[in-house]
Amino acid sequence: MSRKPRRTLEQLRSQRWFASGDMRGFAHRQRTQQIGMRREEFMDRPVIGIINTWSDMSPCHAHLRDRAEAVKRGVWQAGGYPVELPALSVGEVMVKPTTMLYRNMLAMEVEELLRSHPLDGAVLLGGCDKSTPGLLMGAISMDLPLIFCPAGPMSNGQWRGQKTGAGTHTKKYWDELRAGTITDADWVDLESRMTRSFGTCNTMGTASTMTSIVDVMGLTLPGASSIPAVDSGHVRMASACGVRICEMVWEDLRPSEILNRDSFLNGAVAYMAMGGSTNAAIHLIAMAGRAGVELTLDDLSEVATRIPVAANLFPTGQYLMEDFYFAGGILALMRKFASHLTLDRPTVAGVTLAEALSGAECWNDDVIRGEADPVIPLDRGKTLQVLRGNLAPDGAVMKSSAADPNFLRHRGPAIVFDNPAEMNRTLDDPDLDITADWVIVLRNAGPVGAPGMPEWGNLPIPKKLLREGVRDMVRICDGRMSGTHYGTCILHVAPEAAIGGPLALIRTGDIVSLDIPAGRLDMEVDAAELDRRRAEWKPAAPLYERSFAALYQRHVSQADKGCDFDFLEGTAPVPEPVIY
């Protein structure tokens, strides 16, 4: 990596607050001493913001208060002044209707926290699904030196001798409960045994997908994303982040120097090789937009045609994230795919990606496979399949590697629902006239419609079919699906139904045609009839006249564009705050 001259103290951003001899400078120094800091502890030092998404309502982030202390330890050691600033947690499961509604709020908060305070650099603590893109979207826009410190996956789960993964087996055993193959007592017993520690999901869900991607993009200390949350190495990694961010401030190493189109395509290679979550397609496009990089679904789809699923992890494979870490982690996987990477890209560690991968070793070739022995060969399915047609002119996505191969090409009648309550009532009716050939459609679950695009897309199999042994069907939704889930689920249909997309026009009984190899998703309804239905369609009355949800609905983009706000996209400069 090329080196710039080290900055001087006078060039640090924080000196605008602390160095002046006027009344405002006096007040800033005075108020810092008010909290018990000695002048020598904060003067003439880089000020490091620790943006912490810890929350008692986010078990994925339950340890981040302790990790912030480890980061502080490293900052003090390196001669910096650490300050911790809390930020919106966006922890999954508890936040309703969906954390995706608040990803952009977190991005706004992070950008403004960094801008409005006397900070020279930042360590970002997060990991649960939307926290990674939210933190980074805001920090990329602010463009201060940063390191992302991932929360790390939880410990392996096990139930009655079987590996159990968070999310993946919740869905699996819920279907078994509905089918009557496990009891209510079994279901209660599962609650306390599947998730054994704090940390993010231990499967290749959205959390580990996103942290692995940003690791390969160069925004974490190399390999940090694979370290389990409870491992003592995770504490040491957090402390090392504190040391390194101080060095980055003096080097003036900013995200704008680390990220370019090749960096995002490197992240896409990791995404596909990991068998990652479909949610990453939205987040990568949004993050790229903040960096001024054009990235499209077609770009991601092209990478998916070259990179098979090689990480043998639930929901596609057989292992969990702790196994992946002991097998060598993300660096070992990426070393096997090095020929597909742009290796001269810089990282926050001050080394190139090539240097970061040079010492990586794989210790278990069944957990971490390569191109010659993938978990899912490309002719069987891909991490990301983009579909287009008269049902999804701007694109829909699916993880074909996690779908039943019997549905690669399929025709069947649709059963269409406008909301989850209606769907759940109907699909649990034992007298429902439906077969496994039908196509279940849920609409009004998109960015504007829900709002916030909840993870409603892993639509339930009708109870009567579960009892007949059916475990997959073709399902279509303009919402999202948890990265921990599986099945022939077509998601992110764009444009969504709520703004008049074609999904608003389909009716129960219409024939849906799916051709995954051809990348097609169509309803077999002639154009004249669709025109007639379009003329009759009327948007639903808005539910939100005020609140953040109202702002969201007015300014959010569609799934194929990353679901960012129109006023936050791009790299237009924002003035530094004035100090008088």
Side-chain angles (χ1 to χ4, degrees), residues 51-68 87-95 98-100 102-103 106 123-136 148-157 163-171 194-216 219-221 223-231 233-235 237-238 241 267 270-271 274-280 283 311 313-316 319-326 329-330 455 480-485:
I51 309 298
N52 194 352
T53 56
W54 169 86
S55 165
D56 268 337
M57 293 296 282
S58 177
C60 304
H61 294 175
H63 57 308
L64 292 187
R65 192 158 53 174
D66 293 333
R67 295 302 176 269
L88 189 67
S89 187
V90 292
E92 293 295 332
V93 182
M94 297 297 182
V95 176
T98 168
T99 55
M100 186 62 178
Y102 300 107
R103 183 202 68 180
L106 174 60
V123 176
L124 312 173
L125 300 183
C128 189
D129 292 20
K130 314 309 174 296
S131 68
T132 300
L135 286 163
L136 285 167
F148 182 75
C149 179
M154 70 175 78
S155 301
N156 281 3
K163 285 183 183 291
T164 53
T168 299
H169 285 86
T170 300
K171 180 67 171 66
M194 284 178 59
T195 48
R196 295 180 45 244
S197 76
F198 49 74
T200 58
C201 289
N202 50 13
T203 55
M204 186 37 60
T206 306
S208 285
T209 299
M210 291 309 304
T211 58
S212 298
I213 285 171
V214 301
D215 198 328
V216 176
L219 297 177
T220 74
L221 296 182
S225 63
S226 303
I227 305 173
V230 299
D231 197 290
H234 195 269
V235 186
M237 179 272 293
C241 287
Y271 170 22
M274 296 288 284
S277 165
T278 48
N279 288 306
H283 300 319
L313 300 168
F314 286 116
T316 305
Y319 295 95
L320 295 169
M321 288 303 298
E322 194 171 36
D323 305 311
F324 182 67
Y325 171 65
F326 288 122
I330 188 64
E455 292 182 340
R480 299 176 301 109
M481 179 175 80
S482 170
T484 65
H485 290 178

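Here His61 contributes atom NE2 and Ser55 contributes atom OG; the two are 9.0 Å apart, rounded to the nearest 0.5 Å. In this structure, the separation between CG on Asp129 and OG1 on Thr98 is 9.0 Å, given to the nearest 0.5 Å. The line from CZ of Arg67 to SG of Cys241 is 11.5 Å long, rounded to the nearest 0.5 Å. One finds the CD1 atom of Ile330 at 9.0 Å from the CD1 atom of Ile213 (value rounded to the nearest 0.5 Å). Taken to the nearest 0.5 Å, the CG atom of Leu125 stands 4.5 Å off from the CG atom of Asn52. With rounding to the nearest 0.5 angstrom, the CE atom of Met210 is 10.0 Å from the NZ atom of Lys130.
At least one side-chain heavy atom of Phe324 sits under 4.5 Å from a side-chain heavy atom of Met274. In this structure, Met100 and His283 have side chains that are in contact, with non-hydrogen atoms separated by less than 4.5 Å. Between Cys149 and Met237, the closest side-chain pair of non-hydrogen atoms falls below 4.5 Å. Put simply, the side chain of Thr195 reaches to within 4.5 Å of the side chain of Met154, judged on heavy atoms. Side-chain contact between Leu136 and Leu124: present, with at least one pair of heavy atoms (C-beta onward) separated by less than 4.5 Å. In this structure, Thr132 and Val214 have side chains that are in contact, with non-hydrogen atoms separated by less than 4.5 Å.
The closest side-chain donor-acceptor pair between Thr206 and Arg480, if any, does not fall under 3.5 angstrom.
Taking all atoms of both residues into account, the shortest heavy-atom contact from Pro153 to Ser208 is CB-OG, 4.3 Å. A pairwise comparison of heavy atoms in Gly91 and Ser58 identifies CA-OG, 3.5 Å as the closest pair. Minimum interatomic distance between His63 and Ala229 (heavy atoms only, all atoms of both residues): NE2-CB, 3.6 Å. Taking every heavy atom of both residues into account, Pro315 and Thr168 meet most closely at CB-OG1, 3.7 Å. When all heavy atoms are compared, the tightest approach of Thr209 to Ala280 is CG2-CB, 3.7 Å.
The ring-ring contact (aromatic ring centres under 6.0 Å, His included) search around His485 returns none, not counting sequence neighbours. Checked against side-chain hydrogen bond (donor to acceptor under 3.5 Å, both in side chains), Thr211 has no partners two or more places apart in sequence or in another chain. For Asp231, the side-chain hydrogen bond (donor to acceptor under 3.5 Å, both in side chains) test picks out no residue, with sequence neighbours left out.
The backbone N or O of Ser225 lies less than 3.5 Å from no partner atom in the side chain of Tyr325, so there is not a single donor-acceptor pair. A donor-acceptor distance shorter than 3.5 angstrom exists from the side chain of Asn279 to the backbone of Met481, with no hydrogens or angles considered. Of the possible donor and acceptor atoms, none in the side chain of Thr220 sits under 3.5 Å from a partner among the backbone N and O of Phe148. In this structure, Ser89 contributes its side chain and Thr53 its backbone to a donor-acceptor pair below 3.5 Å. Panel note: side chain Arg196, backbone Asn156; a donor-acceptor pair is recorded below 3.5 Å. Judged by distance alone, the side chain of Ser131 and the main-chain N or O of Gly127 form a donor-acceptor pair under 3.5 Å. A donor-acceptor contact shorter than 3.5 Å links the side chain of Asn202 to the backbone of Ala166. Between the Thr484 side chain and the Gly205 main chain, no donor and acceptor come within less than 3.5 Å of each other.
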- prompt: Hey, mind stepping through Met321 and Thr203 against side-chain contact (heavy atoms from CB on, under 4.5 Å) and telling me if it holds?
  reply: CA-CA 6 Å; Met321 288 303 298; Thr203 55; 6.0 Å; no
message: What verdict does the side-chain contact (heavy atoms from CB on, under 4.5 Å) test give for Met204 and Thr316, after you've listed the backbone C-alpha separation in whole Å, the side-chain angles of each residue and the deciding distance to 0.1 Å?
response: CA-CA 8 Å; Met204 186 37 60; Thr316 305; over 6 Å; no
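Between Phe314 and His169, the ring planes are perpendicular. Angles over 60° get that label, and only those under 30° would be called parallel.
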